[in-house]
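This report concerns only the one structure given below.
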Amino acid sequence: MEAASEGLTLVWFREDLRVHDHAALTAARADGHVIAVWVRESRDDDGLGPRPLGGACRWWVHESLSVLEEELSHLGIPLLFAAGESATIIPELAGRLDVDAVRWSRRYAPASRSLDGRIKTELRNRGLTVHSHPGALLVEPWTAAPQGGDHYKVFTPFWKAVSGGDVGDVLPVPVEQPRLSTGLIDSAQACAAVTDLDGLGLLDGTGTGSGVFAAADGPRWWQDTISRHWTPGLRGAAAALEDLHAGIDGYSTAHDIPADGASTSRLSPRLRHGELSPRQLLRAAQTAEGITVDDRTSWIRQLYWREFSWHLAYHHPDIDAWPIRPEFNDFPYDDDEGALRSWQSGQTGYPLVDAGMTQLWETGWMHNRVRMVTASFLTKNLLHHWRHGEQWFWDTLVDADEANNPVSWQWVAGSGADAAPFFRVFNPERQRKRFDPDDAYIDEWLSETTDAETSPIVDLADSRHAALDAYDQMKSTEAST
DNA sequence: TGCCGCTTCAA
DNA sequence: TGAAGCGGC
């Protein structure tokens, strides 16, 4: 092991809000001392950078950052906050702090990778050492490809090819460092973009699409409600990890049941914000005792669905805006504004859909099976473009990420590479009977009065036929061009 | 990781 | 009359 020198490294935290299993932080500590920064990034003129956070994620990140600041402080590492364009802020901070190196965990969305590449070049031109480290994924997207193809388009071959590989060991929390001089922090704060956590404005407003509710409930109400259901940051993540065994046990049969219980592990926001690493979860799942092969395998499979989504997102720029199958550009969507509002506010008259949309609004999270049902309802029964649903989920889910969210919507809408055939239209009444036969989930989220007062906004059989007609119309457009 | 309508066949 | 099996969408 290398002896620690007096080097100073700036570690740029992004979607990796943890101090364990953090390759960039570990490497930086091995080189000497560390100062950390998190930037609320706005996209530059070229549209580079991460997709602006939705409302629910802004709340989560605000809370999680305040915990991360504490955790880093226990290690003697100051965490700086800044808002603006990272292409300007990171080099300026590196200069003012006079660091020797800059390190970060890789991100994989094309617009973010381009920005990171640009920043890396700029820093190297100034003579700094720069390293990006893996950590957000088990499989680097450029390392897996089928024979004669550039990337996998179907999950099962991807899963067979990449699962079972060695992912290495979980890294421990680095050892504490001596306090850095206050003069150093002062020089960073001379940078105009540097602020404190509240100064980032993450809690201002409720997000782009949530005006639907804002008028009735006021802008703070939403965050206050969501916050009753989650504890972002270290303690919450550790508790979620302790529940992992219960989450895996019985998973292969129970994961389709939306009613509250131990049927799902609710780890998605932890992964989204990097409070837990996929490697750590994989290791924990592999070593959990008293678990059947079926349960273990189907749980780990879900981890790899996330990998597959990022694999697709890496290879498809603008996956949140354009269909992977281009013929869906000609799909005759209806896009009725009132229908969208009814869906968003859980007033479609179909209890499973309305319960799901209510759970989303109240908690920032929705059970996966219900996500599929509500998404099918919007894109097929209401004939809305999947992008509108994707944007609503982006704004309201605490686990919305740039890959899973658009890829899953495209999967349901039929425009994805490995998508469900379009004619698979979920029937929300039938799904309700199959997966919530005792109304446990419905009763959890819908009051009897709302349930009874709302009459269905569309007929299931008629709207299903209309969707199949629209699909035929798209195909005939395709055939004639 | 469907749904529907049709057919068959046993009560 | 309805469960069960299928093929088409």
Side-chain angles (χ1 to χ4, degrees), chain A residues 152-160 163 247-248 250-259 263-265 268 294-309 311-312 324-325 327-328 330-332 348 350-353 356 365-383 386 389-390 393 399 403-437 441 456 458-479:
Chain A
Y152 284 100
K153 298 174 176 64
V154 179
F155 175 73
T156 305
F158 172 83
W159 156 255
K160 284 181 180 160
S163 62
I248 300 175
Y251 183 83
S252 56
T253 50
H255 74 119
D256 264 332
I257 307 299
S263 63
T264 62
S265 42
S268 53
D294 271 5
D295 287 345
R296 197 192 306 278
T297 308
S298 56
W299 196 91
I300 291 175
R301 209 179 145 87
Q302 294 304 311
L303 263 189
Y304 279 89
W305 267 105
R306 174 177 173 276
E307 298 287 321
F308 184 57
S309 291
H311 187 77
L312 291 176
I324 293 177
R325 292 172 57 180
E327 64 268 31
F328 274 80
D330 292 322
F331 191 95
T348 67
Y350 289 100
L352 186 59
V353 174
W365 187 87
M366 197 196 301
H367 188 278
N368 188 246
R369 168 136 307 260
V370 190
R371 292 189 197 196
M372 292 192 285
V373 173
T374 55
S376 169
F377 190 80
L378 183 72
T379 56
K380 294 173 181 175
N381 299 95
L382 299 182
L383 275 185
W386 56 267
E390 197 275 339
F393 274 28
D399 63 26
N404 254 325
N405 197 46
V407 166
S408 304
W409 272 92
Q410 293 217 38
W411 185 88
V412 174
S415 69
D418 182 22
F422 185 86
F423 46 77
R424 272 188 198 162
V425 180
F426 286 85
N427 179 321
E429 290 301 285
R430 201 184 154 104
Q431 291 282 315
R432 175 189 172 185
K433 287 190 187 79
R434 271 174 71 186
F435 299 112
D436 192 39
Y441 180 73
V458 284
D459 178 80
L460 289 180
D462 293 349
S463 58
R464 178 173 169 272
H465 283 125
L468 295 175
D469 287 348
Y471 180 63
D472 287 340
Q473 195 180 321
M474 178 195 87
K475 281 196 300 183
S476 58
T477 308
E478 180 68 15

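Below, chains carry the letters A, B, ... as their sequence lines are ordered, and counting in each starts from 1. Since this is a predicted model, take the numbers as computed values, not measurements. The figures that follow rest on heavy atoms only: side chains count, while hydrogens, waters and symmetry mates do not.
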A/Q431: partners by side chain to side chain contact (heavy atoms under 4.5 Å, CB included), with sequence neighbours left out: A/L352, A/R369, A/V373, A/F426, A/R434, A/F435
Classify the ring geometry between A/Y152 and A/F158 as parallel (under 30°), tilted (30 to 60°) or perpendicular (over 60°). perpendicular
Which part of the nucleic acid, if any, lies within reach of A/R434 when heavy atoms closer than 4.0 Å are counted: base, sugar-phosphate only, or nothing? sugar-phosphate
Reckon A/R464 touches a base, only the sugar-phosphate, or nothing at all at heavy-atom distances under 4.0 Å? base
Which pairs, protein N/O on one side and nucleotides 4-7 of chain C N/O on the other, fall under 3.5 Å?
none

Could you state the interatomic distance from CG (A/N404) to CZ (A/F308), rounded to the nearest 0.5 Å? 11.5 Å
Side chain to side chain contact (heavy atoms under 4.5 Å, CB included) against A/S163, all qualifying residues, sequence neighbours excluded: A/W159, A/Y304
Here the pair of heavy atoms bringing A/R432 nearest to A/P351 is NH1-CG, 3.3 Å
Please find the earliest and latest nucleotides of DNA chain B, in the 5' to 3' direction, that have an atom within less than 4.0 Å of any heavy atom of chain A. B/dT1 to B/dC4
Just jot down the side chain to side chain contact (heavy atoms under 4.5 Å, CB included) partners of A/R464, sequence neighbours excluded, or say none. A/V425, A/L468
Strictly by side-chain hydrogen bond (donor to acceptor under 3.5 Å, both in side chains), give each pair with a member in residues 405-424 of chain A just once, sequence neighbours left out. A/E390-A/N405, A/Q410-A/S415
CD of A/E307 to CZ of A/R301, rounded to nearest 0.5 Å, is 14.0 Å
